[in-house]
Amino acid sequence: MSPAIRIRPRRELRAVRRRRPHRCWGHLIAAPLWPMHGANLGTLLRTCDAVGACLAVPPFDWVDGALARGNTLRQPTCVHRVGNPVRWLSGERARGSRIMGVELAEEAIRLADLPAARQRTIVVLGHEADGIPVEALDVLDSVVEIPMVGTGLSLNVAVAGSLVLYKLAGLV
Ligand SMILES: C[S@@+](CC[C@H](N)C(=O)[O-])C[C@H]1O[C@@H](n2cnc3c(N)ncnc32)[C@H](O)[C@@H]1O
């Protein structure tokens, strides 16, 4: 008897995927601007590819190395280098982008209530230990929080970013 559920084989998946990576649509940009662990950047890069987002990271040598190691995709994904996070976010905001923090914060929007992005949106992710730095909080237009019922204080930053990116992309 054949199983009730059939797993889609790789060749079938490849046939329905893009042949080339999306260009810089600039509609959604994941911004882990204060990263500590390279592995999280690799994970976020894969999510960016999956949802059609770009990734914005600081221009550090170790970040480039981490992205190269963590990139298991066949095609390169759009990566922006951001030297001064607060200045870059302020400039984006002045040009009309929505700056959305992903953080555990009072008055935050709950993930389930977050609509798909209708304008260029920068998704700001915090440092793995310290969160989003205080100096960047004033630049945020809004904050989204992912509810938790467990014992841990927070989620892994790549998991949190991926959940929010999927919601903003309208894919879940
Ligand atoms: C490990 S957490 C930072 C720790 C936390 N801010 C603290 O000081 O204990 C790293 C980042 O993941 C994101 N994050 C983790 N869990 C989250 C949640 N439940 N809701 C929203 N963002 C979350 C935030 O961007 C946060 O800055």
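First listed ligand is number 1; within each ligand, the first listed atom is number 1. Heavy-atom basis, side chains included; hydrogens, waters and symmetry copies ignored.
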To which protein heavy atom is [atom] closest, and what is the distance rounded to 0.1 Å?
atom: atom 24 (C) of ligand 1; value: V102 O, 3.0 Å
atom: atom 11 (C) of ligand 1; value: V157 CG2, 3.7 Å
atom: atom 10 (C) of ligand 1; value: H127 O, 3.5 Å
atom: atom 15 (C) of ligand 1; value: L155 O, 3.1 Å
atom: atom 6 (N) of ligand 1; value: E103 OE1, 3.5 Å

Listed by chain and number, what are the side-chain hydrogen bond (donor to acceptor under 3.5 Å, both in side chains) partners of R81, not counting sequence neighbours? D64

Non-hydrogen atoms of [X] and [Y] that approach each other most closely:
X: A117; Y: L28; value: CB-CD2, 4.2 Å
X: P85; Y: L33; value: CB-CD1, 3.8 Å
X: A112; Y: K167; value: O-NZ, 3.2 Å
X: E128; Y: W34; value: OE1-O, 4.1 Å

Between Q119 (side chain) and G96 (backbone), is there a donor-acceptor pair under 3.5 Å?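 Such a contact is found between Q119 side chain and G96 backbone.
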
Counting from 1, what ligand 1 atoms have a heavy atom of A160 closer than 4.0 Å? 13 (C), 14 (N), 15 (C), 23 (C)

With heavy-atom distances below 4.0 Å as the criterion, list the atoms of ligand 1 near S154. 1 (C), 2 (S), 4 (C), 15 (C), 16 (N)

Given L55, which of V123, D49, I29, L67 fulfils the side chain to side chain contact (heavy atoms under 4.5 Å, CB included) condition?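 Exactly one pass, corresponding to L67.
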
Suppose the criterion is side chain to side chain donor-acceptor pair (under 3.5 Å): which pairs have a residue in residues 145-164, not counting sequence neighbours? N40-N156, T47-S162

Check contact between [X] and ligand 1, using heavy atoms of the residue and a distance below 4.0 angstrom.
X: L153; answer: no
X: A129; answer: yes
X: V143; answer: no

When only distance counts, is [X] in polar contact with ligand 1, meaning an N/O pair under 3.5 Å?
X: E145; value: no
X: V144; value: no
X: M148; value: no

Between the candidates L125, I146, N156, which shows the shortest non-hydrogen contact distance to atom 19 (N) of ligand 1? I146

Between the side chains of E92 and R98, is the shortest nitrogen-to-carboxylate-oxygen separation below 4.0 Å, so that they form an ion pair?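 Looking at E92 together with R98, the answer is no, because their closest N to O distance does not fall below 4.0 Å.
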
